[in-house]
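Just below is one structure, and these are the notes that go with it.
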Amino acid sequence: MIIFGHRGARNEAPENTVEGFVHAQQHGCQHFELDIQLSTDHELVVFHDSSLKRTTGQRGKVGDFPYHYLQTLDASRTKPNWHVQCPIPSLQAVVNATPHTSHWQFEVKSDSRYRLCILLQYLCHFIVDNNLKDSVTVTSSNRWFLKQMGTLHPEISIGYVAELPFIDPVKIAQNLKCKMLAMSISIANQSNIKRAIEAGLHVSCWTVNDLLKMSELKELGVNSIITDVPSLAIKTFL
């Protein structure tokens, strides 16, 4: 079972920061999940929330500012005792800082279709320019974005991020021609996992921080987990 560091190592270091990804890689993590948004000047930015408040303490939305401003903010507010300030990073900065990464899950956050079209173009160029086609899966809960991605760039692997209990995640992933199904543990029951595996999907479950739950998912045949504590998971299972 593969261990993906969630936003780097969310419970170990400031999430979605270069410092967090480097920390996780120094502790053996070679697979990462992160979140991508677009700044006003079309920089691919690694950040989860639409609002800046939770991790930086500042007001406003990520998509309302240019990157030169975003990189002046300290995104370590959730880890107040962290030893250095952690700027909001570009996707390029994160990839450059973690050269031993075997595979990425680039989760694209929902936005307007206009901005998602721009993001798609920049992201695909980024993947090609950085020779990542064989080591990345672009994931999203936005089905429209995944459909566009699959139609325009079928050579890049895509994955559906599923959380809602009243939908059929396996059917949706198949219809979108996904290679991966990233399921919340809230819907990662035996039936959904079995059907996804039989459909040939890579099954990745998030967010899994309990060692017993990790063991249960491994027994059910889950291909990978996304965890806030990758150092602990790697020490236990690898």
Side-chain angles (χ1 to χ4, degrees), residues 1-7 10-11 15-16 31-38 47-51 53-54 61-63 104-117 119-120 123 136-154 156-229 233:
M1 184 172 67
I2 298 169
I3 310 296
F4 277 87
H6 186 220
R7 307 180 201 170
R10 186 169 178 249
N11 282 6
E15 67 179 71
N16 279 337
H31 300 78
F32 289 111
E33 184 271 354
L34 54 74
D35 307 283
I36 298 175
Q37 299 190 56
L38 197 67
F47 201 81
H48 179 270
D49 302 359
S50 61
S51 168
K53 186 69 175 177
R54 181 176 62 86
K61 295 183 177 181
V62 177
W104 298 92
Q105 290 187 41
F106 288 168
E107 182 179 350
V108 174
K109 310 307 286 185
S110 284
D111 204 333
S112 70
R113 290 188 177 182
Y114 171 73
R115 284 173 55 81
L116 285 176
C117 280
L119 189 154
L120 187 152
L123 181 57
V136 68
T137 303
V138 177
T139 70
S140 184
S141 60
N142 189 300
R143 297 183 221 175
W144 180 86
F145 174 82
L146 290 175
K147 185 175 182 180
Q148 297 302 308
M149 187 85 189
T151 300
L152 297 173
H153 297 278
I156 297 175
S157 176
I158 57 174
Y160 176 56
V161 177
E163 181 177 17
L164 301 176
F166 50 82
I167 61 171
D168 185 339
V170 177
K171 184 176 181 180
I172 292 172
Q174 286 180 296
N175 289 343
L176 290 168
K177 296 180 172 59
C178 291
K179 297 289 180 63
M180 175 182 286
L181 176 58
M183 279 194 290
S184 165
I185 56 172
S186 64
I187 63 168
N189 54 50
Q190 185 172 1
S191 174
N192 280 340
I193 292 171
K194 183 174 183 291
R195 289 177 57 235
I197 293 172
E198 289 175 348
L201 295 165
H202 175 112
V203 181
S204 192
C205 293
W206 55 275
T207 304
V208 192
N209 295 332
D210 179 77
L211 291 177
L212 179 59
K213 188 64 177 179
M214 293 179 193
S215 295
E216 292 174 357
L217 292 172
K218 184 178 181 179
E219 288 298 316
L220 289 173
V222 165
N223 302 101
S224 65
I225 59 165
I226 303 170
T227 179
D228 294 327
V229 287

List in chain and number order the residues that pass side chain to side chain contact (heavy atoms under 4.5 Å, CB included) with [X], two or more places apart in sequence or in another chain; answer none if no residue qualifies.
X: K147; answer: T151, L176
X: L38; answer: H42, L44, R115, I118, L119
X: S110; answer: S141, N142

### Query
Which pairs, with at least one residue in residues 216-229 and sequence neighbours excluded, count as a side chain to side chain donor-acceptor pair (under 3.5 Å)?
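Matches after skipping sequence neighbours: H6-D228, H202-S224, S204-S224, N209-T227, N209-D228.
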### Query
Is there any side chain to side chain donor-acceptor pair (under 3.5 Å) pair reaching into residues 171-183, and which pairs are they, with sequence neighbours excluded?
none
### Query
side-chain contact (heavy atoms from CB on, under 4.5 Å) between L123 and L120: does it pass, once the steps are laid out?
CA-CA 5 Å; L123 181 57; L120 187 152; 5.9 Å; no
Please find the pair of heavy atoms, one from [X] and one from [Y], that lie closest to each other, and give the distance.
X: L201; Y: C178; answer: CD2-O, 3.2 Å
X: K109; Y: L116; answer: O-CD2, 3.6 Å
X: L146; Y: I158; answer: O-CD1, 3.7 Å
X: W144; Y: C117; answer: CH2-SG, 3.4 Å
X: E163; Y: I187; answer: O-CG2, 3.5 Å
X: L217; Y: A188; answer: CD2-O, 4.4 Å

Is [Y] close to [X] at the side-chain level, that is, under 4.5 Å between some pair of heavy atoms?
X: E107; Y: I226; answer: no
X: V138; Y: F145; answer: yes
X: W206; Y: I185; answer: no
X: Q148; Y: R113; answer: no

### Message
Applying side-chain hydrogen bond (donor to acceptor under 3.5 Å, both in side chains), can you list everything that pairs with D49, at least two apart in sequence or on another chain?
### Response
R54
### Task
State which residues pass side-chain hydrogen bond (donor to acceptor under 3.5 Å, both in side chains) with S184; sequence neighbours excluded, sorted by chain then number.
S186
Name all residues meeting the salt bridge (charged side-chain N to carboxylate O under 4.0 Å, His left out) criterion together with [X]; count only those two or more places apart in sequence or in a different chain, and write none if there are none.
X: K53; value: none
X: E33; value: none
X: D168; value: R195

### Task
Keeping the roles fixed (side chain from Q37, backbone from F47), state whether a donor-acceptor pair exists under 3.5 Å.
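Indeed, once roles are kept as given, a pair shorter than 3.5 Å links the two residues.
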#### Entry: Donor-acceptor contact present, side-chain S140 to main-chain V108, <3.5 Å
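It does hold such a pair.
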Atom pair [atom1]/[atom2] of [X] and [Y] - distance to nearest 0.5 Å:
X: I225; Y: D210; atom1: CD1; atom2: CG; value: 10.0 Å
X: E198; Y: I193; atom1: CD; atom2: CD1; value: 12.0 Å
X: E15; Y: H48; atom1: CD; atom2: NE2; value: 7.5 Å

### Partners passing ring pair (Phe, Tyr, Trp, His ring centres under 6.0 Å) against F4 (at least two apart in sequence or in another chain)
H31
### Query
Taking only residues two or more places apart in sequence, or in another chain, which ones meet F32 in a ring pair (Phe, Tyr, Trp, His ring centres under 6.0 Å)?
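F32 satisfies ring pair (Phe, Tyr, Trp, His ring centres under 6.0 Å) with F21, W104 once adjacent residues are dropped.
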